[in-house]
Amino acid sequence: MALCSFLSVFLIYITLFVSSCFAADPFVSYEFEVSYITASPLGVPQQVIAVNGKFPGPTINVTTNNNVAVNVRNKLDENLLISWSGIQQRRSSWQDGVLGTNCPIPPKWNWTYQFQVKDQIGSFFYFPSLNFQRASGGYGGFIINNRAIIPIPFATPDGDIVIFIGDWYTQNHTALRKVLDAGKDLGMPDGVLINGKGPFRYNDTLVPDGIDYETIEVHPGKTYRIRVHNVGVSTSLNFRIQNHNLLLAETEGSYTVQQNYTSLDIHVGQSYSFLVTMDQNASTDYYIVASPRFVNESRWKRVTGVGILHYTNSKGKAKGPLPDPPNDEFDKTFSMNQARSIRWNVSASGARPNPQGSFRYGSINVTEIYVLKNKPPVTINGKRRTTLSGISFVNPSTPIRLADWFKVKGVYKLDFPTRPLTGPSRMETSVINGTFRGFMEIILQNNDTKMQSYHMNGYAFFVVGMDYGEWTENSRGTYNKWDGIARSTTQVYPGAWTAILISLDNVGVWNIRTENLDSWYLGQETYVRVVNPEATNKTELPLPDNALYCGALSKLQKPEDISSANSINGSRTALFLTLLMIICAVIPIFR
């Protein structure tokens, strides 16, 4: 009986996926076990979130248009969702991994994400999106390589290196949540990690003995593609490698105009890839540095990440002072001008053969405009909250997309204001009503004293302008309408604005949020709902068969016997994929 049941499931799998053999879009699978481990990245034992026992987790490495399945087993003691920063989830917000679209994976359960990395290339990462969990780890890289028929706009590198940088606290995410819930600030981080490790002891006073640090080994004369992600809590970091130029090549799925930087500010949630040539004499090792920005840098000196770049022919250990950060304490325009210098390579092909610049965003008429303004935290109903345009978002117990699908009323309001509220701030589940195939202009106005970075799921938007002061209609005269970079995460400087343009061609419900975890946790987010009035699988895939249910739809959820499901699902997946590969190999013979 069990064999018959398995065969019936297998035949369904074959029906669903055999078309992928004909479409020549391979199927790639990963197994993720998310659990706690004890680690001491800053010399203090603490609870860390690991994926498959590793911190950071394994890198997902796929190619444009691959079908990806990630089976996630939740071994934590609380709910879990994995989100895929920068992965657009075309036609499938069901797989996005945030509370507006997904019910969480309960403890001891597993759930399989299935999506296609359609028409994308570049450097991304995944992370746990609930309950402040990213502050304890759980993140890893996500690389989408070009198809062989699409040339990359630089010589093939000799190697590929992934680097995670981020501020870090020696308290775990549950303790940090309690601090925020009590209405307090998190305060200065305890350090900055590079690939989950603390700083090299470059200074005996600032760095205690016995801390494990990251060492990256390279060969002289070789050029490496180094993908750097800021996965921290809330601190912008300046990244640099002693005596080496960083040739910027790509950011979050867009090839850039190639130019050298001695250092680059990387804000929370942002990803960049550099081409770095090992052209030094290797008299010693070299420092890799990630230091805090837009803070009192003298007071924050101990909050500095330091790793080691080690040539195979190195003659000694790194020594002496760290390479200097930008000397711009009294020049607030330096970093903004650096950000403005990052431009789209309009002549390079991205995921498709046609040049990136063939999408002429600057000539498209804007159909809707939203000004999203943030300010310092406020008190609403006795609670410390953060806001966007005067609204502090409250996640509904029933995800927005599920509520739409099952026509559940009263879950959210489609009334997010186009301009900031003038009255008192309020807590609501208020959502932006986006027009399918519309062209939206969003102005992100930061009226706080802290740097903010904003991310939008489901899309790459065009960063067309930024400046200090309040945005006005006249600010459009400064927009870059030709080669503004397309990306998914942008910084907004304190007391400044950033303008982005978005082509709303991806149906679904898409999160727009601050990437600063403390502000996100306290309500600085909303969703953009994009609906095709003519429902069709061509613009949105149907609800997946394995969808989880919660809130008003809890009664639809079947219990899971996870003790048996783990072994059965694992063996089924392995057997299915083996047979699928055999079928994909055999089919061409009979064509």
Side-chain angles (χ1 to χ4, degrees), residues 123 161-168 188-195 197-200 202-203 206-207 213-214 216 226-249 251-252 256 259-276 286-309 318 320-342 446 449-453 466 485 487 489-494 496 498 515-516:
S123 309
I161 297 167
V162 178
I163 296 179
F164 297 100
I165 58 176
D167 57 357
W168 188 261
M188 186 168 62
D190 297 299
V192 168
L193 304 190
I194 297 180
N195 283 350
K197 298 177 181 178
F200 171 80
Y202 70 96
N203 181 303
L206 295 173
V207 183
Y213 57 87
E214 176 72 344
I216 294 174
I226 299 182
R227 306 173 193 257
V228 187
H229 311 273
N230 186 338
V231 291
V233 174
S234 63
T235 305
S236 297
L237 298 171
N238 180 265
F239 180 80
R240 54 200 184 273
I241 301 177
Q242 186 180 27
N243 292 3
H244 290 75
N245 282 323
L246 308 172
L247 181 63
L248 181 63
T251 178
E252 297 162 21
T256 65
Q259 50 191 325
N260 277 309
Y261 297 88
T262 54
S263 70
L264 190 73
D265 290 341
I266 304 179
H267 306 277
V268 180
Q270 289 188 329
S271 302
Y272 289 95
S273 64
F274 306 99
L275 300 174
V276 182
Y286 299 95
Y287 294 125
I288 302 170
V289 183
S291 61
R293 295 281 277 148
F294 314 105
V295 294
N296 184 331
E297 292 180 18
S298 59
R299 194 168 72 88
W300 281 54
K301 263 193 174 178
R302 67 174 177 80
V303 187
T304 299
V306 183
I308 294 297
L309 185 74
L322 300 180
D324 290 330
N327 183 20
D328 64 343
E329 183 179 356
F330 303 105
D331 179 13
K332 66 180 185 179
T333 63
F334 174 85
S335 180
M336 184 179 285
N337 285 335
Q338 186 187 64
R340 289 172 176 150
S341 73
I342 299 168
N446 180 5
T449 56
K450 298 178 180 178
M451 175 71 73
Q452 300 282 333
S453 45
M466 58 180 69
I485 193 67
R487 64 185 313 163
T489 307
T490 188
Q491 68 270 49
V492 190
Y493 291 85
T498 296
E515 277 289 323
N516 305 48

Name the orientation class of the two ring planes belonging to Tyr493 and Phe294 (parallel below 30°, tilted from 30 to 60°, perpendicular beyond 60°).
perpendicular
Once the angle between the rings of Phe200 and Tyr287 is folded into 0 to 90°, is it parallel (under 30°), tilted (30 to 60°) or perpendicular (over 60°)?
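Tilted, since the angle between the ring planes falls between 30° and 60°.
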Flag, side chain of [X] to backbone of [Y], donor-acceptor distance under 3.5 Å:
{"X": "Asn446", "Y": "Val492", "result": "yes"}
{"X": "Glu252", "Y": "Ser271", "result": "yes"}
{"X": "Asn195", "Y": "Phe164", "result": "yes"}
{"X": "Asn245", "Y": "Leu247", "result": "no"}

Measure the [atom1]-[atom2] distance between [X] and [Y] for me, rounded to the nearest 0.5 Å.
{"X": "Leu309", "Y": "Glu214", "atom1": "CG", "atom2": "CD", "result": "11.0 Å"}
{"X": "Gln452", "Y": "Lys450", "atom1": "CD", "atom2": "NZ", "result": "8.5 Å"}
{"X": "Ile241", "Y": "Ile163", "atom1": "CD1", "atom2": "CD1", "result": "5.5 Å"}
{"X": "Thr256", "Y": "Leu248", "atom1": "OG1", "atom2": "CG", "result": "3.5 Å"}
{"X": "Lys301", "Y": "Asn296", "atom1": "NZ", "atom2": "CG", "result": "11.0 Å"}
{"X": "Ser263", "Y": "His244", "atom1": "OG", "atom2": "NE2", "result": "15.0 Å"}

Side chains of [X] and [Y]: does their closest heavy-atom pair fall under 4.5 Å?
{"X": "Leu237", "Y": "Ile266", "value": "no"}
{"X": "Ser335", "Y": "Pro326", "value": "no"}
{"X": "Leu264", "Y": "Gln338", "value": "yes"}
{"X": "Leu322", "Y": "Val306", "value": "yes"}
{"X": "Ile226", "Y": "Ile216", "value": "no"}
{"X": "Pro199", "Y": "Arg302", "value": "no"}
{"X": "Asp167", "Y": "Pro292", "value": "no"}
{"X": "Met451", "Y": "Pro494", "value": "yes"}

Quick one: do Trp300 and Val192 satisfy side chain to side chain contact (heavy atoms under 4.5 Å, CB included)? Show the steps, please.
CA-CA 11 Å; Trp300 281 54; Val192 168; over 6 Å; no
Partners passing salt bridge (Lys or Arg N to Asp or Glu O under 4.0 Å) against Arg340 (at least two apart in sequence or in another chain)
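Arg340: salt bridge (Lys or Arg N to Asp or Glu O under 4.0 Å) contacts with Asp467.
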Please list, chain by chain and in numerical order, all residues satisfying salt bridge (Lys or Arg N to Asp or Glu O under 4.0 Å) with Glu515, sequence neighbours excluded.
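In terms of salt bridge (Lys or Arg N to Asp or Glu O under 4.0 Å), with neighbours along the sequence ignored, Glu515 is linked to Arg134, Arg513.
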[X] and [Y]: which non-hydrogen atoms are nearest, and at how many Å?
{"X": "Thr262", "Y": "Arg240", "answer": "O-CB, 3.5 Å"}
{"X": "Phe239", "Y": "Ile288", "answer": "CE1-CG2, 3.7 Å"}
{"X": "Met336", "Y": "Ala496", "answer": "CE-CB, 4.1 Å"}
{"X": "Met188", "Y": "Val303", "answer": "CG-CG2, 3.8 Å"}
{"X": "Ala249", "Y": "Leu275", "answer": "CB-CG, 4.1 Å"}
{"X": "Gln491", "Y": "Gln270", "answer": "OE1-NE2, 3.0 Å"}

Distance-only donor-acceptor check, side chains Tyr202 and Thr304, under 3.5 Å
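No - no donor-acceptor pair under 3.5 Å links their side chains.
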Determine whether the side chains of Ser236 and Asp265 contain a donor N or O and an acceptor N or O closer than 3.5 Å.
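Per modelled atom types, Ser236 and Asp265 side chains form no pair under 3.5 Å.
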